[in-house]
Amino acid sequence: MSHLGTFQRGDVMSDRILYYGASGRGCVGSIDAENNLQDVTVLPEGSFASDWTLITPLSNNRILYYAADSGRSCIGSIDADNVLADVVAYPGPPDGHFLPGYTEVATFSGDRVLFYAGANVLSWMYTIPDHNVPQGLRHYEPGSFASDWQQIAGLSDDRVLFYGADGRGCIARLRPDNTFADETVLPEGSFAPDWRQITGLSEDRILYYGDSGRGCIGSIDNNNVLKDVTVLPEGSFAADWRQITFLRPPG
């Protein structure tokens with residue numbers, strides 16, 4: 001698997017982060033091992049379609065874009081110079097691969113992608129291998145997940161952080177049969193309740209982003225213990241990012 005999601009800047013290794021806004025603008029930024037943020041490549045309005053609602057990384061520097069209203073999707077690429085390109089576009093149903101209505105995605109090892117749709121019957125696990133043809137692996141019946149998860153972030157060892165209303169959450173693990181086992185339940189108040197985006201970083205750090213442009217970088221250890229590491233005050237980010245994703249998927 002390519003590891004361009006982490007790159008060298010001076011003497012410090014940094015994670016590449018893709019930020020996407022509703023006007024089709026974006027930015028590729030970096031977060032180094034000391035949790036310092038930096039903009040690297042600014043992507044002006046029109047760089048992306050404006051209807052993407054979910055973005056998640058795949059192996060070999062691919063990126064999956066998905067529009068919940070239509071179900072259409074696209075697999076793009078990003079190179080070492082942060083140049084983005086479209087690779088293959090899929091329409092919505094009946095000719096595309098995905099239905100409308102998914103509210104969250106998360107990537108796991110083997111280019112498996114969880115498409116989550118709350119309480120309805122849409123939730124699926126797909127794999128999207130190098131030939132870019134999605135394949136369904138498992139369908140999840142209603143009740144397989146809590147219905148109110150707002151953010152889902154992949155962690156190491158096929159663990160996943162679910163974040164919901166009132167600051168509650170859960171850390172689960174993806175089994176080989178693509179079912180999930182809850183490991184650690186995090187009650188209301190475990191998180192700030194206003195995070196808009198959550199994405200996993202290298203070394204099991206987690207980036208939280210809120211509406212006012214504030215944020216936090218936290219960490220999670222092998223025992224699923226969470227802690228805050230670096231608080232990022234209002235103005236640390238633009239306030240209108242719709243999606244934020246780490247550009248290196250799990251191994």
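Counting from 1, the numbers follow the sequence of the chain as shown.
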Q: Which is it for Arg205 and Asp15 under the side-chain contact (heavy atoms from CB on, under 4.5 Å) test, yes or no, and what are the steps along the way?
A: CA-CA 11 Å; Arg205 294 174 298 159; Asp15 292 347; 2.9 Å; yes
Q: With distance as the sole criterion, is a donor-acceptor pair present between the side chains of Asn61 and Ser77 under 3.5 Å?
A: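 Note: Asn61 and Ser77 side chains miss the donor-acceptor criterion.
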Q: Nearest 0.5 Å please: distance from the CG atom of Leu37 over to the CD1 atom of Ile17.
A: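 Between atom CG of Leu37 and atom CD1 of Ile17 there are 8.5 Å.
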Q: Whether Asp221 and Lys227 form a salt bridge (side-chain N of Lys/Arg under 4.0 Å from carboxylate O of Asp/Glu) is what I want to check.
A: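 No.
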Q: Shortest non-hydrogen contact from Phe246 to Arg16?
A: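 Where Phe246 meets Arg16 most closely, the heavy atoms are CD1-O, 3.3 Å.
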Q: Indicate the atoms forming the closest heavy-atom contact of Asn35 with Ile31, along with that distance.
A: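 Nearest pair, atom of Asn35 first, then Ile31: CA-CG2, 3.9 Å.
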Q: Ignoring hydrogens and geometry, is there a side-chain-to-backbone donor-acceptor pair from Arg242 to Trp52 under 3.5 Å?
A: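 Such a contact is found between Arg242 side chain and Trp52 backbone.
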Q: Hey, would you say the Tyr116 and Tyr102 ring centroids sit under 6.0 Å apart?
A: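 Aromatic pair excluded; centres sit 6.0 Å or further apart.
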Q: To the nearest 0.5 Å, tell me how far Tyr209 OH sits from Asp194 CG.
A: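 Rounded to the nearest 0.5 Å, the OH-CG separation comes to 11.0 Å.
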Q: Are Tyr20 and Tyr65, when compared by the centres of their aromatic rings, separated by less than 6.0 Å?
A: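 No - the distance between ring centres of Tyr20 and Tyr65 does not fall below the 6.0 Å cut-off.
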Q: Does a salt bridge link Glu188 with Arg168, judged by any charged N lying under 4.0 Å from a carboxylate O?
A: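 Here Glu188 does not pair with Arg168 in a salt bridge, since their nearest N and O are not under 4.0 Å apart.
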Q: With Thr245, which of Val105, Leu18, Leu54 fulfils side-chain contact (heavy atoms from CB on, under 4.5 Å)?
A: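 For Thr245, the side-chain contact (heavy atoms from CB on, under 4.5 Å) check succeeds only for Leu18.
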Q: For Asp204 and Arg159, work out which heavy atoms get closest and say how close.
A: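 It is OD2-NH2, 2.7 Å.
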Q: Can you find a side-chain donor-acceptor pair between Asp32 and Ser14 that sits under 3.5 Å?
A: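 No pair is found: no donor N or O on one side chain lies under 3.5 Å from an acceptor on the other.
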Q: Measure the OG-CZ distance between Ser70 and Phe98 for me, rounded to the nearest 0.5 Å.
A: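 CZ of Phe98 is found 12.0 Å from OG of Ser70.
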Q: Do Val83 and Val40 sit in the same hydrophobic cluster, where Ile, Leu, Val, Met, Phe, Trp and Tyr count as joined when their side-chain heavy atoms come under 4.5 Å apart?
A: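 Val83 does not cluster with Val40.
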Q: Can you tell me if Glu183 has over 12 outside heavy atoms packed within less than 6.0 Å of its CD?
A: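 Counting other residues, nucleotides and ligands, CD of Glu183 exceeds 12 neighbours.
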Q: Do you know the tightest heavy-atom contact between Gln151 and Arg196?
A: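 Minimum heavy-atom contact is NE2-O, 3.1 Å.
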Q: Looking at Thr53, is its backbone amide N or carbonyl O close enough to the side chain of Gln243 to form a donor-acceptor pair, meaning the two atoms are under 3.5 Å apart?
A: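 Checking the backbone N and O of Thr53 against the side chain of Gln243, a donor-acceptor pair under 3.5 Å is found.
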Q: Quiz question: by atom type and distance under 3.5 Å, do the side chains of Thr107 and Thr56 form a donor-acceptor pair?
A: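 Thr107 vs Thr56: donor-acceptor pair found between side chains.
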Q: Measure across Ala119 and Pro142 and return the closest heavy-atom pair with its distance rounded to 0.1 Å.
A: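 Smallest heavy-atom distance, with atoms named: O-CB, 3.5 Å.
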Q: Answer with yes or no whether the side chains of Asp111 and Thr127 bring together a donor and an acceptor at under 3.5 Å.
A: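 Per modelled atom types, Thr127 and Asp111 side chains form no pair under 3.5 Å.
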Q: Tell me whether Ile206 shares a hydrophobic cluster with Val160, the cluster being built from Ile, Leu, Val, Met, Phe, Trp, Tyr side chains joined at under 4.5 Å.
A: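 They do not share one cluster, since no chain of ILVMFWY contacts under 4.5 Å joins Ile206 to Val160.
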Q: Measure the OH-CG distance between Tyr163 and Asp166 for me, rounded to the nearest 0.5 Å.
A: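 That separation rounds to 9.0 Å.
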Q: Any chance you could measure Arg62, atom CZ, to Asp130, atom CG, to the nearest 0.5 Å?
A: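 Between atom CZ of Arg62 and atom CG of Asp130 there are 5.0 Å.
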Q: Nearest 0.5 Å please: distance from the CD1 atom of Ile171 over to the OG1 atom of Thr184.
A: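 Rounded to the nearest 0.5 Å, the CD1-OG1 separation comes out at 5.0 Å.
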Q: Counting C-beta onward and ignoring hydrogens, is there a side-chain heavy-atom pair between Pro100 and Pro93 closer than 4.5 Å?
A: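 Touching, per the 4.5 Å side-chain cut-off.
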Q: Compute the centroid of each ring, for Phe115 and then for Trp124, and state whether the two points are separated by less than 6.0 Å.
A: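 No; Trp124 has its ring centre 6.0 Å or more from that of Phe115.
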Q: Indicate, with yes or no, if Leu226 and Phe162 share a hydrophobic cluster defined by side-chain heavy-atom contacts under 4.5 Å among Ile, Leu, Val, Met, Phe, Trp and Tyr.
A: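 Phe162 and Leu226: separate clusters.
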Q: With the threshold set at 4.0 Å, does a side-chain nitrogen-carboxylate oxygen contact exist between Asp158 and Arg175?
A: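 Here Asp158 does not pair with Arg175 in a salt bridge, since their nearest N and O are not under 4.0 Å apart.
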Q: With the side chain counted from C-beta on, respond yes when Gln197 and Trp195 share a heavy-atom pair under 4.5 Å apart, and no when they do not.
A: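 Contact flag for Gln197/Trp195 side chains = no.
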Q: Compute the ring centroids of Phe145 and Phe180, then answer whether they are less than 6.0 Å apart.
A: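 Yes: the rings meet the under 6.0 Å criterion.
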Q: Checking salt bridge (charged side-chain N to carboxylate O under 4.0 Å, His left out) for the pair Asp182/Arg173: CA distance, chi angles, key distance, verdict?
A: CA-CA 7 Å; Asp182 290 350; Arg173 188 179 299 271; over 6 Å; no
Q: Identify whether Leu161 and Ile244 are in the same connected component of the hydrophobic contact network (ILVMFWY, side-chain heavy atoms under 4.5 Å).
A: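 Hydrophobic grouping puts Leu161 apart from Ile244.
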Q: Cluster question for you: counting only ILVMFWY and a side-chain heavy-atom cut-off of under 4.5 Å, with indirect links fine, are Trp241 and Leu201 together?
A: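 Both belong to a single hydrophobic cluster.
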